[in-house]
Amino acid sequence: MAVTVQAHPSLALAKYWGKQRQSAGGRELNPNLPATPSVAVTLDGLVTRTTVRIADTDTIVLNGQSQLVERYTPVLDALRRATEQDVSFHIESTNSFPTAAGLASSAAGFAALVSAALHEVTGDAPADVVSQIARIGSGSACRSAFGGFTRWDTGALSARQIASAAWWPEFRVVVLPVTGGAKEISSRDGMNRTRDTSPYYQPWIDDAPTVADEVETAVLSRDIERLGDAARISYMRMFATMLGAHPPILYWLPQSVHIIRELEVMRRQGIPVWETMDAGPQVKVITLEEHASAVAERFSDITAAPPVLCAVGSAPYTIEPANG
Ligand code: PMV
């Protein structure tokens, strides 16, 4: 019997950018161990739905297209090790939003995949186990194993929840997709290039914990102004270290900069809006419920797809079997 799970992306308010090097004899030991702490929110408006069933060989279909299985093998091997079952998986996944365009599709995707596979094999999927295994596929996926607000510490094998989805009912993120195209540089390549070539990488690593603590304090005190300010510092400094890479990495589009500038104007008018960005040109606006529709409306003419209003989302959940 197949299991279907839905999961949501994890949007970092304090960014993870950089991986610790951990190899022995040319083999990577623990992939995706972060060089910075990150603090994130799970977004309810964006959904990945993944169905897993046991099969003769590993196969993956994403949004109707067969995928190269190698990208998934480390996660599938980790699932086989964790469950002590020598099984293969057929996986089908669809996103409600553009894939690989800086909307954390891999975070939601790996969290849903691991949760569904664990349910399929063992009948259960504890969040900390989902977090550890999903991390192997994509670092940010370890945060999508939890709902609400999460923190993933430097070098940690899994993330943890710092506040539940009910903690901040008025908190909203308005996702502004300025392009539907896939990103040119994967976050993995971008991080490695930054680490290997940017003279600003070490200062970024040294500074990131202070900013992450500030973001966490702002979340725990539900202080939107403090949070918006700290989240902007985090993403701008992340991009500063990328701009120093060789060759430089620039994910932004003119529309991204236009939105950043407009949000400055709105803040001067007293409207609580701050942005964050990831490994792509999409802009995510941090605000409160009463301003979310106005933000979506203001930018709807320059987005490539309709803006998505998100509240704080839940952990992955099984939708089939219905009582699973
Ligand atoms: O783990 P990945 O490959 O999805 O990389 C995530 C990188 C950022 O989205 C830029 C930051 C973050 O913490 O999510």
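Counting convention: from 1, in listed order, for ligands and their atoms alike. Numbers for residues simply follow the sequence, beginning at 1.
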_Run S144 and S10 through side chain to side chain donor-acceptor pair (under 3.5 Å) and show every step you take._
CA-CA 5 Å; S144 275; S10 165; 4.8 Å; no

_Working note: W17 + T194, criterion side chain to side chain donor-acceptor pair (under 3.5 Å); need CA distance, chi angles, decisive distance, verdict._
CA-CA 9 Å; W17 192 258; T194 308; 3.2 Å; yes

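The shell of residues lying under 4.0 angstrom from ligand 1, judged by heavy atoms, includes S138.
Heavy-atom proximity to S106, at under 4.0 Å, picks out these atoms of ligand 1: 4 (O). Atoms of ligand 1 found under 4.0 Å from any heavy atom of A12, numbered from 1 in the order shown, are 12 (C), 13 (O), 14 (O). Those atoms of ligand 1 with a heavy atom of S187 less than 4.0 angstrom away are 2 (P), 3 (O), 5 (O). Of all atoms in ligand 1, numbered sequentially from 1 with element shown, those under 4.0 Å from a heavy atom of W17 are 10 (C). Those atoms of ligand 1 with a heavy atom of A279 less than 4.0 angstrom away are 10 (C). For ligand 1, the atoms sitting less than 4.0 Å from at least one non-hydrogen atom of R143 are 12 (C), 13 (O), 14 (O), numbered in the order shown with element in parentheses. Of all atoms in ligand 1, listed by their number and element, those nearer than 4.0 Å to a heavy atom of G139 are 1 (O).
For a threshold of 3.5 Å applied to N or O pairs, the pair formed by R188 and ligand 1 contains no separation below that value. Here's the thing with K15: none of its N/O atoms is less than 3.5 angstrom from an N/O atom of ligand 1. For ligand 1, the polar-atom distance check against S140 finds a nitrogen or oxygen pair separated by under 3.5 Å. Looking at ligand 1, you'll find an N or O of D278 within less than 3.5 Å of one of its N or O atoms. Geometrically, ligand 1 and S38 share no nitrogen or oxygen pair separated by less than 3.5 Å. Annotation: Y16 places an N or O atom under 3.5 Å from an N or O atom of ligand 1; distance criterion only.
Below 30°, between 30° and 60°, or above 60°: for H8 and Y317 the angle between ring planes is between 30° and 60°, a tilted geometry.
Identified under the salt bridge (charged side-chain N to carboxylate O under 4.0 Å, His left out) test for residues 12-22, with sequence neighbours left out: K15-D278, R21-D196.
If you check the side chains of D206 and Q202, you find a donor sitting under 3.5 Å from an acceptor.
Checked against ring-ring contact (aromatic ring centres under 6.0 Å, His included), F89 has no partners two or more places apart in sequence or in another chain.
Of the listed residues (L13, V39, T42, V215), just one forms a side-chain contact (heavy atoms from CB on, under 4.5 Å) with F149, and that residue is L13.
Under the 4.0 Å criterion applied to side-chain N and carboxylate O atoms, E214 and R226 are assigned as salt-bridge partners.
We find the CG-CG distance between L76 and L113 to be 6.0 Å, quoted to the nearest 0.5 Å.
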